[in-house]
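Note sheet for the following structure.
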Amino acid sequence: MEAGKKIMIVVMDGLGDRAVKELGYKTPLQVAKKPNLDWFAQNGTSGSMDVIGPGIRPGSDTSHLALLGYDPYEVYTGRGPFEAAGVGLIGRKGDIAFRCNFATVDQKMNVMDRRAGRIKEPDTTELVKALEGLKVAGIEAVVKDATEHRAVLLLRGEGLDPHVTDADPHAITKVQLSRPLVPEAQRTADAVNEFVKRSFEILDAHPVNIRRREQGLLPGNILLPRGGGPFPDIEPFEKRYGMKGSCVAGVSLIKGIGRVVGLEIVDVPKGSGGTSTDMVAKARIALKELERKDFVLMNIKASDVVSHDGDARRKVEIIERLDGMAKVLREGLPEGAVIAFCADHCTPVSRFDHSGDPVPLTIYSETSIKDGVQSYDEVSCAKGALGRIRGKDLMPILYDRADRSEKFGA
Ligand code: ZN
Ligand code: ZN
């Protein structure tokens, strides 16, 4: 048997939209000039995709799990573990991860600022170092700094249970004691409380914070955990599909998804995850990855960023830049490869946030049936031969298109 073909999924984050008044009740995709994305639609097969389910508003994390063929209702265990994985902190089954903020408290544990005056690296990196090797209530506590005032905490030890309340009061008031929501979580709540106390003792007098006070800045003198979740017991991508894969993404949450399922995370030099991302460079890197791997997942965040800002004109501009990326992919795609263009969810500019609308999908390979769709947009793709599918159906379809699927029956 010949080896299966290669697969690439291009996720243009938050790309889909609704009718926008200032665009004459068209969607940004319908207005933008995008000859290369359209070429893929004209030469491929298109459809509409409910990434999780009809009317379900996905987060970028749950949607990417679905696009990778996992059932998010089974494997998504909260934002903490995926955030932790995003900054390179991979836990084992039984470990619990929390998102944390560096905050400022007074000596009576009253929160003065939940973001410690928007403290960021290198200060946070220095502060985190002082917490290395920490043990709380007999539990190993590993801390890593994340973007800006954020950090992640991983608890590792016997008998942990994620059902505890947040130490972060989410307001300007006293630091909360974490409480167990079930009796089995007592040990975890104790560990969280001990961690919060120790973080204050260690960080309050830290030279970085002494210097910050002298400079009139708020000290990051405590860490406040919230949103704890257990590391999921997830079947690695390679085991599931027999393919080695890479994840090309700028945003840490998407990197986290990739890491948890065992994709290799490829750093993109200019791929900041914002609107300044060099999409062409990213496409070249993705193509290079596809040379040495069977599968590449690529995420471009810019379309979601401008959508959250409600900026329809910027969204049109970003789509036209995405088309430049599609051109590079069109010219460099290896022979026989199967490529899918989609979004992880719609982010209508009129809503400033994600919606449950289906996203446009085009799948292209040399042997694709041309279904008559002429344009890559919400309306045209909905008329395509793929009809309306769910996100978790995407991988099986691509897998079969790549001639990798097993026959069911004789
Ligand atoms: Zn997203
Ligand atoms: Zn978003």
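Just follow the structure's listing: the first ligand is 1, and inside any ligand the first atom is 1.
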- Query: With F295, which residues qualify under ring pair (Phe, Tyr, Trp, His ring centres under 6.0 Å), at least two apart?
  - Reply: F237
- Please note down the angle at the Zn ion (ligand 2) between NE2 of H308 and NE2 of H354, to the nearest 10°. 100°
- Message: Is the ring pair Y76/F82 parallel, tilted or perpendicular, if the boundaries are 30 and 60 degrees?
- Response: parallel
- Hey, does the Lys NZ or Arg CZ of R240 hover above the aromatic six-ring of Y70, less than 6.0 Å from the centre and inside 45° of the axis? yes
With a cut-off of 3.5 Å and sequence neighbours excluded, list every side-chain donor-acceptor pair involving residues 146-160.
unit_1	atom_1	unit_2	atom_2	d
R156	NE	D95	OD1	3.4
R156	NE	D95	OD2	2.9
R156	NH2	D95	OD2	2.7

- Message: If I take the Zn ion (ligand 1) as the centre, what angle separates the OG atom of S60 from the NE2 atom of H345? Nearest 10 degrees is fine.
- Response: 110°
- Task: Examine the side chains of T125 and D145 and answer whether a donor and an acceptor come within less than 3.5 Å of each other.
- Result: yes
- Task: Please name the atom of D13, restricted to N, O or S, that is closest to the Zn ion (ligand 1).
- Result: OD1
- Message: Please give the atom name: the N, O or S atom of D344 nearest to the Zn ion (ligand 1).
- Response: OD2
- Message: Looking only at N, O or S atoms, which one in D304 sits nearest to the Zn ion (ligand 2)?
- Response: OD2
